[in-house]
Amino acid sequence: MLQQTTVVTVQPYYAAFLARWPSVEALARARQEEVLSAWAGLGYYARARNLHACAKAVAGTHGGAFPDTEAGLLALPGIGPYTAAAIASIAHERRAAPVDGNWERVVARLFAVEEALPKARKRLRALAETLLPDARFGDFAQAMMDLGATVCTPRKPACILCPWRADCVAQAQGTPEAYPVKAAKAARPTRRGVAFLALRADGAVLVRTRPEKGLLGGMSEVPSTPWEQADPANPAAHAPLKAQWQALNATVDHVFSHFALELAVWRARLPATTPAPAGHRWVMPAGFGAEAFPSVMVKVLRYID
DNA sequence: CACCCGTGGCA
DNA sequence: TTGCCAAGGGT
């Protein structure tokens with residue numbers, strides 16, 4: 001959960017997950033829809049699918065115990081170099097360097113690495129390994145992350161408090177904030193679409209499940225046109241059913257990792273007897289909690305009134 | 001290797 | 001308001 005996500009954001013989700021699935025076996029037995037609905041709002045939903053797959057792998061082929069080596073951990077779904085090293089060092093007290101964004105920043109400043117991220121990643125990792133102590137690997141891993149989070153911060157680092165002040169090349173240069181150097185980011189394009197809010201007389205809303213992979217994979221959504229650079233040419237052609245669609249005087253704005261979305265909302269009211277088209281289902285608001293609505297869809301659903 | 005993949009808080 | 005940033009991983 002903490003991959004690219006802050007502790008404050010993760011906290012309530014983590015507590016809810018442990019309460020609902022107290023063991024790896026329990027999580028392995030869960031259905032993916034349950035896991036995704038419990039993850040809804042956290043983002044990067046492939047993590048939820050991978051976590052579930054990981055639980056199944058550990059419960060099934062490892063007899064319920066996690067591997068205790070970096071290589072063994074790395075073979076599990078959702079566990080990459082960082083997480084494998086984090087578990088190996090913190091849980092198993094093995095000599096490993098979980099190089100996260102904090103480590104990268106600390107190391108980049110210590111050695112005044114001029115190469116820009118993300119290309120510098122391999123170099124930073126190699127430099128990080130040279131810092132590893134001969135004992136207390138778990139403590140060291142967490143100390144590095146906490147040093148980056150509280151002292152060697154992205155802006156206004158508290159160098160005066162840093163135990164490595166005397167060894168830090170960037171500090172000696174007087175420009176610690178100049179590191180790590182980062183490559184220019186590509187501009188974030190805007191995509192547009194129309195969302196179709198079909199409301200049945202009994203209060204049910206028409207919903208479908210997104211494809212298993214890709215953006216918001218496996219999550220629930222209100223049907224919509226494709227999201228593309230240009231305004232949708234003929235939105236009605238993508239409507240899930242024939243109805244008196246009313247274009248609302250409002251748009252939903254949402255920012256994803258690599259594009260911004262402007263979603264117009266069209267709404268229609270239908271008789272309580274209206275059947276759900278193929279691939280769709282009617283869901284009462286009381287059932288929304290069991291759905292895996294990503295944040296953008298929560299915004300769309302505000303226009304139910 | 002480059003790109004894809006969410007969300008919310010904060011300066 | 002805009003951009004940055006957060007305990008990265010998969011393909």
Side-chain angles (χ1 to χ4, degrees), chain A residues 1-14 36 39-54 70 73-91 96-106 108 115-125 128 138-150 152-157 177-191 210-221 227 252-261 292-299:
Chain A
M1 283 183 176
L2 288 166
Q3 290 165 1
Q4 294 287 283
T5 307
T6 58
V7 172
V8 171
T9 300
V10 160
Q11 244 260 318
Y13 287 86
Y14 181 70
L36 286 179
W39 197 280
L42 247 193
Y44 284 144
Y45 299 99
R47 293 181 301 172
R49 289 179 263 124
N50 289 333
L51 176 65
H52 191 211
C54 182
E70 248 184 296
L73 289 158
L74 200 49
L76 290 168
I79 296 185
Y82 161 75
T83 307
I87 297 173
S89 61
I90 297 171
V99 181
D100 69 337
N102 292 304
W103 279 64
E104 286 180 349
R105 184 170 55 257
V106 172
E115 187 180 12
L117 284 171
K119 293 187 68 173
R121 207 142 270 158
K122 181 179 289 184
R123 184 187 312 279
L124 290 171
R125 180 176 179 79
D139 286 345
F140 185 76
Q142 297 191 69
M144 283 289 280
M145 290 189 272
D146 286 344
L147 182 70
T150 64
C152 193
T153 50
R155 289 176 299 278
K156 298 184 183 303
E177 286 187 82
Y179 302 91
V181 180
K182 299 202 172 184
K185 290 182 180 174
R188 189 171 358 229
T190 297
R191 296 186 196 172
R210 292 180 60 87
E212 188 66 16
K213 295 190 173 181
L215 184 73
L216 308 177
M219 301 294 285
S220 304
E221 69 170 359
W227 303 342
V252 164
D253 295 316
H254 192 77
V255 179
F256 291 100
S257 54
H258 55 296
F259 69 92
L261 179 65
F293 288 124
S295 292
V296 63
M297 289 301 148
V298 172
K299 292 181 183 176

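Letters go in sequence order (proteins before strands), and every chain restarts at 1.
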Extract, from 5' to 3' on DNA chain B, the first and final nucleotides lying under 4.0 angstrom from some heavy atom of chain A.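 Boundary nucleotides touching chain A, in 5' to 3' order, are B:dC4 to B:dG8.
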Take a 6.0 Å sphere around CD of A:Gln11 and say whether it holds more than 12 heavy atoms from other residues, nucleotides or ligands.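 No, because the 6.0 Å sphere around CD of A:Gln11 holds 12 heavy atoms or fewer from other groups.
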Does A:Arg123, at its CZ atom, have more than 12 non-hydrogen atoms belonging to other residues, nucleotides or ligands within less than 6.0 Å?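 Count not over threshold, so no.
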Does this structure show an ion pair linking A:Glu104 with A:Arg121, if we count only N-O contacts that are shorter than 4.0 Å? yes
Which nucleotide in the set C:dA7, C:dG9, C:dA6 lies at the smallest distance from any side-chain heavy atom of A:Thr83? C:dG9
Compare side-chain N and O positions of [X] against OP1 and OP2 of [N] and report whether any pair is under 4.0 Å apart.
| X | N | answer |
| --- | --- | --- |
| A:Arg49 | C:dG10 | no |
| A:Asn50 | C:dG9 | no |
| A:Gln3 | C:dG9 | yes |

Using a 4.0 Å heavy-atom cut-off, does [X] contact any base of the nucleic acid, only the sugar-phosphate backbone, or nothing at all?
| X | value |
| --- | --- |
| A:Pro98 | nothing |
| A:Ile79 | sugar-phosphate |
| A:Gly41 | sugar-phosphate |
| A:Ser295 | sugar-phosphate |
| A:Pro118 | nothing |
| A:Val255 | base |

Once rounded to the nearest 0.5 Å, what's the spacing between atom CG of A:Leu215 and atom CZ of A:Arg210? 5.0 Å
Send over the distance from [X] [atom1] to [N] [atom2], rounded to a whole Å.
| X | N | atom1 | atom2 | value |
| --- | --- | --- | --- | --- |
| A:Arg47 | C:dG9 | CZ | C1' | 10 Å |
| A:Glu104 | C:dG8 | CD | P | 8 Å |
| A:Leu117 | C:dA6 | CG | C1' | 14 Å |
| A:Leu51 | C:dG10 | CG | P | 12 Å |

On DNA chain C, check which nucleotide each of A:Pro77 and A:Ala149 is closest to and give me the residue with the more 5' one.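 On the 5' side of the pair lies A:Ala149.
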Expressed as a whole number of Å, how far does the P atom of C:dA7 sit from that of B:dA11?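 Each nucleotide's P atom is 16 Å from the other's.
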For B:dC1 versus C:dG9, give the span between their P atoms, rounded off to a whole number of Å. 16 Å
Is a side-chain N or O of A:Thr150 found less than 3.5 angstrom from the main chain of A:Asp146, in a donor-acceptor match? yes
Does A:Ser89 reach the main-chain N or O of A:Gly138 with its side chain, forming a donor-acceptor pair under 3.5 Å? no
Can you see whether A:Arg47 engages A:Asn50 through a side-chain donor-acceptor pair at a distance of less than 3.5 angstrom?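 Their side chains do not contain a donor-acceptor pair, so the 3.5 Å distance test is not met.
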Counterpart residues, side-chain hydrogen bond (donor to acceptor under 3.5 Å, both in side chains), relative to A:Asp139 (two or more places apart):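 Scan of A:Asp139 (side-chain hydrogen bond (donor to acceptor under 3.5 Å, both in side chains), adjacent residues dropped) gives A:Arg136.
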Under 3.5 Å, which N/O atoms of the protein pair with N/O atoms of nucleotides 2-4 of chain C?
none

